[in-house]
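See below for the structure under consideration.
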Amino acid sequence: MEAQKVDMFMMMNAKYFESHHLNAVREKLLSLDESKWGLVQTLQFKEPTTSLIVSLLGGQLGIDRFMIGDTGMGVGKLLTCGGLGIWAIVDWFLIMGATREKNMEIFQNTFY
């Protein structure tokens, strides 16, 4: 794929990935052929900031984990009321990273 298109994708979507994953994403996009550009443009990633806000407001109910696709952890938080509040507070610090990891999984499942 053209380096210019890859750079444009990276500028627009870098916030959705952990910083240590950015090089792998760039290399994978450069190795793709031009026919995959339409698929690249249609990828939908979760917004880490939105996950944090949802975690602050509904973290005790596990809504944040359900939103990013961690159904098992969401059920666990729901049944334990966010681990009696402790799990919910810990997730305030972890949810943005978890969202970015899920975005990387989406990217990898699409192209690998």
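Being a predicted model, the structure only gives us computed values, none of them experimental.
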| remark: dist K102:NZ -> N109:CG (nearest 0.5 Å) comes out at 9.5 Å
| message | Other residues, nucleotides and ligands only: do more than 12 of their heavy atoms fall within 6.0 Å of CG on L79? | response | yes
| Hphob cluster co-occupancy, M8 + V6, side-chain heavy atoms under 4.5 angstrom | yes
| F111 side chain reached by L43 side chain, heavy atoms, under 4.5 Å | yes
| query | Is a side-chain donor or acceptor of N103 paired with a backbone partner of F17 at a separation under 3.5 angstrom? | reply | no
| message | Rounded to the nearest 0.5 Å, what separates atom CD in Q41 from atom CG in L39? | response | 10.0 Å
| said: Is it the case that the side chain of R100 and the backbone of K15 share a donor-acceptor pair, with hydrogens and angles ignored and the cut-off at 3.5 Å? | reply: yes
| request: To the nearest 0.5 angstrom, please state how far the CG atom of L30 sits from the CE atom of M1. | output: 8.5 Å
| request: Could you grab the distance from atom OG1 of T80 to atom CD of Q60, nearest 0.5 Å is fine? | output: 9.0 Å
| Do the side chains of I89 and I68 join up, straight or via other hydrophobic residues, at under 4.5 Å, putting them in one cluster? | yes
| field | S55 side-chain N/O to S51 backbone N/O, donor-acceptor pair under 3.5 Å | value | no
| field | Non-hydrogen side-chain atoms of R65 and I95 separated by less than 4.5 Å | value | yes
| request: Could you grab the distance from atom CD1 of I106 to atom CE of M104, nearest 0.5 Å is fine? | output: 11.5 Å
| Shared ILVMFWY cluster between L22 and F45, side chains joined below 4.5 angstrom? | yes
| What class does the angle between the rings of F9 and W37 fall in, given that below 30° is parallel, 30 to 60° is tilted and above 60° is perpendicular? | perpendicular
| request: Step through the shown structure and confirm whether more than 12 heavy atoms of other residues, nucleotides or ligands are within 6.0 Å of CD on Q44. | output: no
| query | K5 versus V40: any side-chain heavy-atom pair under 4.5 Å? | reply | no
| query | Just how far is it from atom CE of M96 to atom CD of E18, taken to the nearest 0.5 Å? | reply | 9.5 Å
| field | Sub-4.5 Å side-chain heavy-atom contact between F107 and L29 | value | yes
| request: Check whether any side-chain heavy atom of D91 lies under 4.5 Å from a side-chain heavy atom of K77, and answer yes or no. | output: yes
| message | As a quick check of understanding, evaluate side chain to side chain contact (heavy atoms under 4.5 Å, CB included) for R26 and D7, giving each step before the final call. | response | CA-CA 8 Å; R26 188 176 190 335; D7 290 340; 2.9 Å; yes
| request: Check whether any side-chain heavy atom of Y16 lies under 4.5 Å from a side-chain heavy atom of T99, and answer yes or no. | output: no
